[in-house]
K.L.:
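Got a structure for you, questions after.
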There are 2 protein chains.
Amino acid sequence: MSTATRTSRSRRVAAAVAVPDDETLAAMAKALAHPARVKILRVLDARTTCVTGDVVTEVGLAQSTISEHLRILREAGLIQGEIEGPRTRYCVSSAGLASLKAGIAAL
Amino acid sequence: MSTATRTSRSRRVAAAVAVPDDETLAAMAKALAHPARVKILRVLDARTTCVTGDVVTEVGLAQSTISEHLRILREAGLIQGEIEGPRTRYCVSSAGLASLKAGIAAL
DNA sequence: ATCGGTTATCGTCGATTGACGATGGAGGAA
DNA sequence: TTCCTCCATCGTCAATCGACGATAACCGAT
């Protein structure tokens, strides 16, 4: 418990963080269970936003491999990408990340 | 951060949490990347300590499978087990878990 | 309409994972 | 000693992962 001292029957104050169950937490952990994906998260966080090509350059793996890692992170809800013309812009999902943090912190 | 408000150049107060690099963080996440292992952590936390057989009963997988999961968690530094006569007693490694939490929180 | 740049998806291959039963060793009890 | 219990390890099998090149789809500009 850190931000939310206010728990029980009070008004919803600010973004109730979803606490994931075992299954979901494991899935999110699995998405992080690869150095390249951890690095991708850091890259996205540092630049606040980038297109796939930027990530390919930064991480140094094949484009198809990066695209796959991005898919895994996206399906885990840790990042989100929006199509922007011919390219796709990715950013970390603060909601998803918060959920992961909450789940880990609750251990 | 929860326990340690005291950070910088003060005397080392209580267990400076090691912040893991990408590789290590990924390895710890990988250890959590399975529902059974998440559950095992919860079981250990709830009972503060248990022998392998208890975990087998609680989780409901084959003894060899549980033993393997315990090994993975142990090698990731998330739990520690001490041999106690004919059985092995496992408990959560607060240091390892703190390291994981720090790594995740730093994302 | 066609071309060039940017991504996602497909197919493949070797490596790793996860599950289980079987085996073996280390302790306590008889 | 001789059991019996508890646990880790081994061997095996199917399933999944990770990386890559090749291909296709999509869009903007020419």
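A quick note: this is a predicted structure, and the numbers were derived from the prediction, not measured. Chain A is the first sequence line, chain B the second, and so forth, proteins listed ahead of strands; every chain is numbered from 1. Just so it is clear, the values below take in all heavy atoms, side chains as well, and ignore hydrogens, waters and symmetry mates.
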K.L.:
C:dT7 P sits how many Å from A:D54 CG, rounded?
P.N.:
8 Å

K.L.:
Which is true for A:S67 with a 4.0 Å heavy-atom rule: it touches a base, it touches only sugar-phosphate, or it touches nothing?
P.N.:
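Base, at least one base heavy atom under 4.0 Å.
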
K.L.:
Any side-chain N or O of A:T88 less than 4.0 Å from the OP1 or OP2 oxygen of C:dT6?
P.N.:
no

K.L.:
Take B:E68 and B:R71 through the salt bridge (charged side-chain N to carboxylate O under 4.0 Å, His left out) test and state the conclusion after the steps.
P.N.:
CA-CA 5 Å; B:E68 176 76 355; B:R71 182 186 62 79; 2.8 Å; yes

K.L.:
Spell out, yes or no, whether B:V43 and B:L73 are grouped together once hydrophobic residues are joined by side-chain heavy atoms under 4.5 Å, including indirect joins.
P.N.:
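No: no chain of side-chain contacts under 4.5 Å links B:V43 to B:L73.
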
K.L.:
Distance-only criterion, 3.5 Å: show the donor-acceptor pairs between side-chain atoms of residues 55-66 of chain B and protein atoms not counting sequence neighbours.
P.N.:
unit_1 : atom_1 : unit_2 : atom_2 : d
B:T57  : OG1    : B:G53  : O      : 3.0
B:E58  : OE2    : B:R47  : NE     : 3.4

K.L.:
Let me have a per-nucleotide readout for nucleotides 12-23 of chain C, 5' to 3', with B, S or -, counting only protein heavy atoms under 4.0 Å.
P.N.:
-----SSSBBB-

K.L.:
Set out, in order, the CA-CA distance, both residues' side-chain angles and the distance that settles side-chain contact (heavy atoms from CB on, under 4.5 Å) for A:L97 and A:D45, then state yes or no.
P.N.:
CA-CA 11 Å; A:L97 196 53; A:D45 184 61; over 6 Å; no

K.L.:
With hydrophobic residues grouped by side-chain heavy-atom distances under 4.5 Å, do B:V51 and B:V92 end up in a single group?
P.N.:
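Result: no, two separate clusters.
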
K.L.:
Under 4.0 Å from a heavy atom of chain A: give me the 5'-most and 3'-most nucleotides of DNA chain D that qualify.
P.N.:
D:dC17 to D:dC27

K.L.:
Same cluster for A:L41 and B:L100 if Ile/Leu/Val/Met/Phe/Trp/Tyr side chains link at under 4.5 Å?
P.N.:
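Yes, A:L41 and B:L100 fall within the same hydrophobic cluster.
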
K.L.:
Check this one for me: any side-chain N or O of A:Y90 less than 4.0 Å away from OP1 or OP2 of C:dT6?
P.N.:
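A:Y90 to C:dT6 OP1/OP2: no side-chain N or O under 4.0 Å.
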
K.L.:
Picking from A:R42, A:H34, A:R37, what satisfies side chain to side chain donor-acceptor pair (under 3.5 Å) with B:D22?
P.N.:
A:R42

K.L.:
Using 0.5 Å steps for rounding, measure from the CD atom of A:E82 to the SG atom of A:C91.
P.N.:
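The SG atom of A:C91 is 7.0 Å from CD of A:E82, to the nearest 0.5 Å.
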
